[in-house]
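Naming: A, B, ... by sequence-line order, numbering from 1 per chain.
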Protein chains: 2
Amino acid sequence: MGNDLAKPVGPGSGRGTGTVVMADVAKLAGVSPMTVSRVLNSPTRVRRETRMRVLDAVRELGYRPNSAARVLATGRSGVLGVVGFDTTLYGPASMLFGIEQAARDAEYGVTITSLAALTQRNVTEAVDRLRGQSVDGVIIIAPHVASVEGLGDLASGLPIVAVGGGDGGVIPVAAVDQHAGAAAATRHLLDLGHATVWHLAGPTDWVEAGARREAWEHTLRAAGRDVPPVVIGDWSPRCGYEFGKRLTGDPSVTAVFTANDQMAVGLIRALHEAGRRIPGDVSIVGFDDVPEAAYLTPPLTTVGQNFGEVGRHALRLLLERIGGAPAEEDRRIIVEPELVVRQSTGRPG
Amino acid sequence: MGNDLAKPVGPGSGRGTGTVVMADVAKLAGVSPMTVSRVLNSPTRVRRETRMRVLDAVRELGYRPNSAARVLATGRSGVLGVVGFDTTLYGPASMLFGIEQAARDAEYGVTITSLAALTQRNVTEAVDRLRGQSVDGVIIIAPHVASVEGLGDLASGLPIVAVGGGDGGVIPVAAVDQHAGAAAATRHLLDLGHATVWHLAGPTDWVEAGARREAWEHTLRAAGRDVPPVVIGDWSPRCGYEFGKRLTGDPSVTAVFTANDQMAVGLIRALHEAGRRIPGDVSIVGFDDVPEAAYLTPPLTTVGQNFGEVGRHALRLLLERIGGAPAEEDRRIIVEPELVVRQSTGRPG
DNA sequence: CGGAACATGGTTAGCGCTAACACTAACTCT
DNA sequence: AGAGTTAGTGTTAGCGCTAACCATGTTCCG
């Protein structure tokens with residue numbers, strides 16, 4: 001005994017001397033480390049006076065609990081994983097923002113992983129990586145068809161919810177009612193007197209894109225109208241523009257519903273260049289209600305989605321699961337979108 | 001001895017039986033846990049044959065190392081923290097995206113914290129929270145004046161870099177050369193023959209906003225022109241619109257440089273409503289080159305910033321520091337912006 | 001007034017991993 | 001040939017924290 005030389009220098013949190021650990025706090029407060037732990041985690045179980053003493057020591061030393069150690073001891077990390085796709089797009093970015101806000105309010109941290117391509121393999125791998133980081137749960141902003149399938153398999157114990165698209169099934173979903181939104185957009189145009197409505201859709205592998213397209217088609221059929229050929233876009237203004245270029249030759253096109261606002265911007269540009277008036281010659285409805293929408297020329301009629309709200313709901317679903325709620329089939333929260341009528345739509349002719 | 005009953009059930013990563021740990025792998029491969037660890041961390045130090053055996057076992061059991069344990073043992077986490085502000089804006093969102101991509105390539109995870117308000121206190125607190133999560137370093141996307149000040153204090157050991165704004169000083173910065181961009185925009189308008197250039201600035205507490213405004217003013221003075229009163233906006237299309245409304249009474253205003261594209265959108269709208277032609281009556285230059293910019297009516301002349309590149313540079317700086325590079329004063333990487341001339345600018349009159 | 005119930009705080013062990021050292025076998029070098 | 005090297009692996013201890021169990025007092029009741 002007394003062989004102090006043999007005491008190994010722990011690798012610790014590096015940084016040499018700077019790190020204050022729980023034992024330091026305990027010593028200063030004159031209690032055992034366990035009591036410090038209790039003060040920090042279930043304050044009611046410690047006498048008021050002791051608690052104060054400990055808290056003072058915490059403040060004085062600037063102590064911050066080491067979360068890695070806590071994770072290791074408890075198995076809970078207080079961190080959620082978010083798997084996202086192109087977080088540059090307005091929708092995903094807003095969603096992420098909403099989730100992060102809500103998570104912070106619930107005292108959770110958020111770590112993100114964006115995917116280059118939304119294959120099922122990538123999603124699985126991302127979730128696995130997050131699991132390795134001991135996240136308590138995962139939210140997938142992965143509005144791809146492929147990505148959501150077969151996710152049930154890897155759910156094994158790790159709570160997962162999806163936002164945005166998600167046809168549901170095994171994992172819970174918070175989403176905007178795409179059908180309602182697209183139907184409202186289409187019906188709005190029909191109600192104005194347009195014979196039919198063209199549609200510039202989003203990529204076929206996006207769940208939202210599919211839902212919007214379906215609802216559009218369904219609405220047209222229900223009204224007994226012709227269904228024009230669908231054009232598939234990629235969400236970018238560029239492809240809206242190209243679509244517009246091809247359209248200008250055809251005066252029978254009087255109404256177009258684009259699957260997002262950015263494509264509408266491109267479309268408006270193309271029509272404008274061709275000297276066609278909006279809404280005089282062509283009416284346009286977008287989707288998303290990006291902040292710019294109200295200030296375009298003309299102000300864009302569009303379908304507003306409350307991304308923030310969806311994000312919060314998703315978080316709530318996830319916390320339910322983490323809290324041990326039974327994994328009901330088909331748990332889902334649907335947020336209603338809102339048609340915002342501005343000046344890009346009007347009567348034909 | 002033999003008292004199995006006394007063996008406590010470790011809290012562990014919960015989930016009962018499911019978790020495979022390193023010891024399981026070791027047993028299956030017939031080696032010690034340490035060897036497994038070596039295979040995973042410095043493969044060269046293990047004989048080829050042994051390594052294969054271990055890797056097979058890893059695969060067979062579907063083993064994933066528990067990062068919390070690793071963090072605890074090494075003090076390194078492989079996770080970086082990003083402190084952001086309004087990540088809904090195009091700039092910050094792109095930045096975040098760029099950083100995350102680059103981080104993943106470098107095998108780092110990313111956890112984010114967005115701030116409601118960018119006070120110095122909030123930033124400090126966010127960094128502290130991240131430190132508690134044992135991040136290896138922090139990138140601050142906090143283009144506020146206040147937020148960057150006094151950050152040196154808390155740097156204590158934790159590598160920090162800033163992106164976007166950041167006047168430099170103690171912590172390294174990767175940023176776009178705001179001066180060059182704003183100067184180019186202003187000069188472009190002067191070169192076209194405008195007597196002077198008005199400026200709709202961003203919020204005063206944003207570093208970028210300040211730099212753009214300064215460069216604008218400096219350019220005007222250097223050319224011996226009048227400097228119109230600055231108007232302070234908030235980046236939103238709405239305030240661009242309001243600015244435009246007030247402007248329409250004044251025919252002497254022939255050129256405006258707005259501090260971002262969104263405000264330009266609002267401005268264009270207001271001018272359009274008032275029947276003023278762009279660029280016939282008023283020329284406009286924005287800043288950012290958002291994807292829509294090329295498809296506005298008219299296509300917007302603007303200053304393009306390569307956010308992704310900035311993000312990557314920031315990550316490089318951070319990794320330098322983490323790697324133990326000496327903390328040189330005033331380390332910074334400046335990315336040159338690019339004036340993109342489209343159709344919202346032309347000769348006056 | 002004895003014993004149950006509570007309130008408070010300490011003890012022990014262990015979460016899963018890795019740094020540091022110890023050990024063995026096979027080589028290299030004067 | 002014996003001392004040094006090197007490659008490859010095992011052993012020990014401990015990172016900082018908390019679950020579970022104990023050890024005290026304290027209170028309350030019949």
### Query
Considering only heavy atoms from C-beta outward, does the side chain of Ile171(A) approach that of Val161(A) to under 4.5 Å?
no
### Task
Using atom CE of Met52(A) as one end and atom C1' of dG9(C) as the other, report the distance to the nearest whole Å.
18 Å
### Query
Is Thr50(B) near enough to dT9(D) that one of its side-chain N or O atoms lies under 4.0 angstrom from OP1 or OP2?
yes
### Message
Considering every strand and a 4.0 Å limit on heavy-atom distances, what is the contact class for Thr35(B): base, sugar-phosphate, or nothing?
### Response
sugar-phosphate
### Task
Please report, rounded to the nearest Å, how far the P atom of dG16(C) is from the CD atom of Gln133(A).
18 Å
### Task
Establish, with yes or no, whether the OP1 or OP2 oxygen of dA7(C) is under 4.0 angstrom from a side-chain nitrogen or oxygen of Arg48(A).
no
### Query
How many Å lie between CZ on Arg38(A) and P on dA20(D), as a whole number?
13 Å
### Query
Any side-chain N or O of Arg70(A) under 4.0 Å from OP1/OP2 of dT18(D)?
yes
### Message
Rounding to an integer number of Å, can you tell me how far Leu40(B) CG sits from dC17(C) P?
### Response
9 Å
### Message
Starting the side chain at C-beta, find the nucleotide from dG16(D), dC17(D), dT18(D) nearest to Leu72(A).
### Response
dG16(D)
### Query
Tell me: CG of Asp24(A) to P of dG16(D), nearest whole Å?
9 Å
### Task
Quick one: pull up CZ in Arg131(B) and CG in Asn66(A) and give me the separation to the nearest 0.5 Å.
12.0 Å
### Message
If you only use heavy atoms from C-beta on, which nucleotide in dG16(D), dA19(D), dG10(D) is closest to the side chain of Val21(A)?
### Response
dG16(D)
### Query
Just checking, is any N or O donor in the side chain of Ser114(B) or Glu100(A) under 3.5 Å from an acceptor N or O on the other one?
yes
### Query
What nucleotide among dG10(D), dG14(D), dA19(D) has an atom nearest to a side-chain atom of Met34(B)?
dG10(D)
### Separation of dG16(C) P from Leu61(B) CG (nearest whole Å)
15 Å
### Query
Starting at the 5' end of DNA chain D, which residue's closest nucleotide do you reach first, Ala69(B) or Val31(B)?
Val31(B)
### Query
dA20(C) P sits how many Å from Arg45(B) CZ, rounded?
13 Å
#### Entry: Least distance between heavy atoms, Pro172(A) atom then Arg321(A) atom
CG-NH1, 3.3 Å
### Message
Taking 4.0 Å as the cut-off, does a side-chain nitrogen or oxygen of Asn66(A) come that near to OP1 or OP2 on dC15(D)?
### Response
no
## Note on the structure
Separation of dC6(C) atom C1' from Arg47(A) atom CZ, nearest Å, is 15 Å
### Query
Does Val82(B) reach the side chain of Leu80(B), with side-chain heavy atoms less than 4.5 Å apart?
no
#### Entry: Under-3.5 Å donor-acceptor pair between Arg51(B) side chain and dG8(D) base
no
### Pair of N/O donor and acceptor under 3.5 Å linking dG16(D) base with Arg64(A) side chain
no
